[in-house]
Number of protein chains: 2
Amino acid sequence: MLKLTKKADYGLMALKYLAEHPEMPALSAKDIADAYGIPAQLLAKILQQLTKSGLLRSHAGMNGGYALAREAREVSAFEVILAIDGPFFITSCTKGKTGCELTPSCTIREPLARVNDTIAGVLKSISIQDLAEHEHPPGHAREASALVELTL
Amino acid sequence: MLKLTKKADYGLMALKYLAEHPEMPALSAKDIADAYGIPAQLLAKILQQLTKSGLLRSHAGMNGGYALAREAREVSAFEVILAIDGPFFITSCTKGKTGCELTPSCTIREPLARVNDTIAGVLKSISIQDLAEHEHPPGHAREASALVELTL
DNA sequence: GAATACCCGACTTCTTCGGTCCGAGTTCAG
DNA sequence: CTGAACTCGGACCGAAGAAGTCGGGTATTC
Ligand code: SF4
Ligand code: SF4
């Protein structure tokens, strides 16, 4: 019901954590998992997916771990979700497999596609840094905002 | 994975169909189901939920059926989703039951709540009539749009 | 070469979703 | 008044997906 997967959730947390510790050359999956109480093995697999998608860079061996492949500012929440949960579609008519069979007669599909794009736009306008910056604002001077246009 | 339920999907279709036929005093669940190829029994239950939420008005007996309780313009997609799928939350931390147990240590929750509100705002800005109006535009003169502000 | 860490697929468990069935109650035409 | 046409509402089930676990394999460093 229009809910984010916990995997994506964890992924965002991990990315944010990495963005907050740029001084470390690499952080292991276990480090991050312990920091938040996430099941380590699960987080590991998520980070692997992010690596495969080019969002992270991994390094094996001792003192190995993961590091951001790009600047935190340059990574959007949309990419993270895309990498973890696959193609982003609000509706079930993905045109691929398991699509809704009443696609032809459906009159609501095209308007919903626009909504889909709008939401995707919202997600794209959020970077990892946006998440990291808003760290318990002591002086709430920082204010970021974006306008998203919804066309029907 | 951030996907609308088919129930909500069907609900929107039904609402739109009703909005397109204001001349009928009432349409039965079967009528609507046949028009789109939706499983009739399922649609029936969805319409019942919408009735219980006050979006529809039902009339039993022969020539009975459902009719819009409000103007199509006054019903938002958000209300429909809310009525069918329950409380709207992007994340798993609903503060109710089955919530995420690492809520206290989670640093990503508050920013995500804002995203949640933003998306809810998008949904709220869409009315049933918006869906119905955009009916295969012969002259594509009609253009509706809305701006949604996203504050981080 | 041993410790550390990533890599990756298979598997189990649990929840939700999509859908069906059936036994009521209501209304109205004939 | 009787029965067809409709709504109402809960119980039920199978399939799919999500969350999490296990285990074996590979790379890197000390
Ligand atoms: S085709 Fe219509 S009913 Fe089917 S998933 Fe897409 S929007 Fe929903
Ligand atoms: S508390 Fe954090 S990790 Fe848990 S569901 Fe909410 S946002 Fe996700």
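Throughout, a chain's letter reflects where its sequence line sits, starting with A, and its residues are numbered from 1.
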### Task
Kindly write out the residues that satisfy side-chain hydrogen bond (donor to acceptor under 3.5 Å, both in side chains) with T91(A), not counting sequence neighbours, or none if the list is empty.
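Result, side-chain hydrogen bond (donor to acceptor under 3.5 Å, both in side chains) vs T91(A): none returned.
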
### For T51(B), side-chain hydrogen bond (donor to acceptor under 3.5 Å, both in side chains) partners two or more places apart
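For T51(B) there are no side-chain hydrogen bond (donor to acceptor under 3.5 Å, both in side chains) partners, ignoring immediate neighbours.
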
### Task
Output the single nucleotide from dG23(D), dT7(D), dA18(D) whose closest atom is nearest the side chain of M1(B).
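For M1(B), the side-chain atoms sit closest to dA18(D).
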
### Task
State which of dA19(D), dC6(D), dG19(C) makes the closest approach to the side chain of T5(A).
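Nucleotide nearest to T5(A)'s side chain: dA19(D).
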
Using whole Å, what does the distance between atom [atom2] of nucleotide [N] and atom [atom1] of [X] come to?
X	N	atom1	atom2	value
L4(A)	dG17(D)	CG	C1'	15 Å
L2(A)	dT16(C)	CG	C1'	15 Å
D85(B)	dC17(C)	CG	P	7 Å
K6(B)	dG14(D)	NZ	C1'	15 Å
F89(A)	dG17(D)	CZ	C1'	18 Å
I38(A)	dG20(D)	CD1	P	9 Å
K3(A)	dG17(D)	NZ	P	18 Å
Y10(B)	dC17(C)	OH	P	14 Å

### Query
Among pairs that include at least one residue of residues 27-37 of chain A, which meet side chain to side chain donor-acceptor pair (under 3.5 Å), considering only residues two or more places apart or in two chains?
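Side chain to side chain donor-acceptor pair (under 3.5 Å) check on residues 27-37 of chain A returns S28(A)-D31(A), K30(A)-D34(A).
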
### Message
For residues 54-75 of chain A, which residue pairs pass the side chain to side chain donor-acceptor pair (under 3.5 Å) check, not counting sequence neighbours?
### Response
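Residue pairs with at least one partner in residues 54-75 of chain A: R70(A)-E79(A), R73(A)-S127(A), R73(A)-Q129(A), R73(A)-D130(A), R73(A)-E133(A).
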
#### Entry: Selection: residues 42-63 of chain A, any non-hydrogen atom under 4.0 Å of DNA chain D
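Close to the strand are L42(A), K45(A), H59(A), A60(A), G61(A), M62(A).
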
### Message
When you compare the side chains of T107(B) and K16(A), does any donor N or O come within less than 3.5 Å of an acceptor on the partner?
### Response
yes

### Query
What pairs meet the salt bridge (Lys or Arg N to Asp or Glu O under 4.0 Å) rule with one or both residues in residues 39-52 of chain A, with sequence neighbours excluded?
none

